[in-house]
Structures are given as C-alpha cells and as structure tokens.
Amino acid sequence: MAAVSHIRYETYTDSNGFYQFAFLPPGVYSLFETQPESYDDGQESLGSLGGIIGQDSFSQIVLNAGDFMDYNFGELRREPEYITGDSNHDGIFNLTDLLVVFQAGEYEDGVMNNSTFEEGDWNGDGDFTSSDLVLALQAGTFVPTALDDDE
C-alpha cells in the first residue's frame, strides 16, 4: 500500500497577478485560489501539464522535474459602486458633497469635458451641469444633514 502525502504550499500573487511555486518535487498537485476582494471570478485557463479545472481550482496536475506549469486564475476587477452625487466617496450624498462640487468651480463653466465625478459630473458626460443635479436628486439618495442642537 502506497502512502499518500498531503503537503500544503502557499504563495501570493504580486501586483501583476504573477505567482510561482519554486522547486516543487515531482508529484501530483492541485492548485486552489482564494478569491481576492474587489474581484469577480473570471475564466481559469489550464496550464501546460493538463489536469482538471474546477471552481477556482486545478487538480490532477502531474509534475515532473523541470516541468513548466502556467496555470492562470481568471479575475475580473469589480468596478467601484458610486452613489450618484457622493463626490467625496464617504457613502452618503449630502450637503458636504454639494459644497465640494460647487467649490470646484466647474458648474456650467462653458469648458467642455473638464469635470470628473468628484467635481459634479455624475452623469458621465464630462461636464457639471444642472443635468447632473437633476440626476442626483432624482436618484433619491440625498440625505439632508441634521443641524446640531448647538447651532
């Protein structure tokens, strides 16, 4: 009867998604991925040694000395979810956001395509105009700021 050995090797990807396991002894391997935050699962691609693709995994990879693997876990960067009007990205569309965008000085300034979301371009057309204000208020996410009792 043959002994089955289960040794766990762990590594992390670099900022480009590259990972490697250096100097693995010959054997049959499986690769498992922990889904990174702010990414959705994409399509995995089987490497040069074959095997079986699973959900965030590869199994039955037969590795001999000097073999090259190249197994890739496909990931899709999740776009940040912005609240229309929340220019400072604090999760609330309130008077602070309106102050920020009007202080930027780009409201209907006549200069084409010079505004960002943070400067009031909430409809994505490149300009901060009344259309952006209407869109943000119609979204129904505006939260009036309550005044302190001291004021």
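When a residue number appears, it is its place in the shown sequence, counting from 1.
In this structure, Phe32 CZ and Arg8 CZ are separated by 9.5 Å, a value rounded to the nearest 0.5 Å. The structure places OG1 of Thr11 at 5.5 Å from CZ of Phe21, a figure rounded to the nearest 0.5 Å. With values rounded to the nearest 0.5 angstrom, Ile92 atom CD1 is found 11.0 Å from Phe142 atom CZ. Considering CD of Gln55 and CG of Asp41, their distance stands at 5.0 Å, rounded to 0.5 Å. In this structure, Asp70 CG and Ser48 OG are separated by 6.5 Å, a value rounded to the nearest 0.5 Å. Rounded to the nearest 0.5 Å, atoms CG (Leu31) and OG (Ser59) are 9.5 Å apart.
Asp121 places a side-chain N or O within 3.5 Å of a backbone atom of Gly126 that can act as its donor or acceptor partner. When atom types are taken as modelled, the side chain of Asn94 and the backbone of Val143 share no donor-acceptor pair closer than 3.5 angstrom. Remark: side-chain polar atoms of Asp97 are paired, donor with acceptor, to backbone N or O of Asn88 under 3.5 angstrom. Put simply, the side chain of Asp132 gets close to the backbone of Asn123: a donor and an acceptor are under 3.5 Å apart. In this structure, the side chain of Glu108 engages the main chain of Ser130 through a donor-acceptor pair within 3.5 Å. Listed for the Gln103 side chain is no donor-acceptor partner under 3.5 Å among the backbone atoms of Val100. Of the possible donor and acceptor atoms, none in the side chain of Asp86 sits under 3.5 Å from a partner among the backbone N and O of Phe93.
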For a side chain to side chain contact (heavy atoms under 4.5 Å, CB included) check, start with the C-alpha distance between Val28 and Leu63, then their side-chain angles and the critical distance, and finish with the verdict.
CA-CA 6 Å; Val28 179; Leu63 179 66; over 6 Å; no
Check step by step if side chain to side chain contact (heavy atoms under 4.5 Å, CB included) holds for Tyr39 and Leu76.
CA-CA 5 Å; Tyr39 284 84; Leu76 304 169; 5.9 Å; no
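Taking the side chain as every heavy atom from C-beta outward, Glu106 and Asn114 approach each other to under 4.5 Å. When side chains are defined from C-beta on, Asp14 does not count as touching Tyr19, because their heavy atoms never get closer than 4.5 Å. Residues Phe58 and Ile52 fail the side-chain proximity criterion, which asks for heavy atoms closer than 4.5 Å.
Between Phe128 and Phe102, the ring centre distance stays below 6.0 Å.
Across Pro26 and Ala65, no two heavy atoms sit closer than the pair CG-N, 3.9 Å. For Leu98 against Trp122, the heavy-atom pair with the smallest separation is CD2-CH2, 4.1 Å. Nearest heavy-atom pair across Ser87 and Gly120 is OG-N, 4.4 Å.
By the criterion of side-chain heavy atoms lying less than 4.5 angstrom apart, applied directly or through intervening Ile, Leu, Val, Met, Phe, Trp or Tyr residues, Leu137 is grouped together with Ile83 in one hydrophobic cluster. No path of Ile, Leu, Val, Met, Phe, Trp and Tyr side chains, each step under 4.5 Å between heavy atoms, connects Val111 with Leu133, placing them in separate hydrophobic clusters. Hydrophobic clustering, with ILVMFWY side chains joined whenever heavy atoms are under 4.5 angstrom apart, groups Ile53 together with Leu49. Linking Ile, Leu, Val, Met, Phe, Trp and Tyr residues whenever their side-chain heavy atoms come within less than 4.5 Å places Leu24 and Ile61 in a single cluster.
Ring orientation note: the planes of Tyr9 and Tyr29 are tilted relative to one another, at an angle of 30° to 60°.
Taking Tyr82 as the reference, His89, Phe117 meet the ring-ring contact (aromatic ring centres under 6.0 Å, His included) condition, with sequence neighbours excluded. Asp125 meets the salt bridge (charged side-chain N to carboxylate O under 4.0 Å, His left out) test with no other residue; sequence neighbours excluded.
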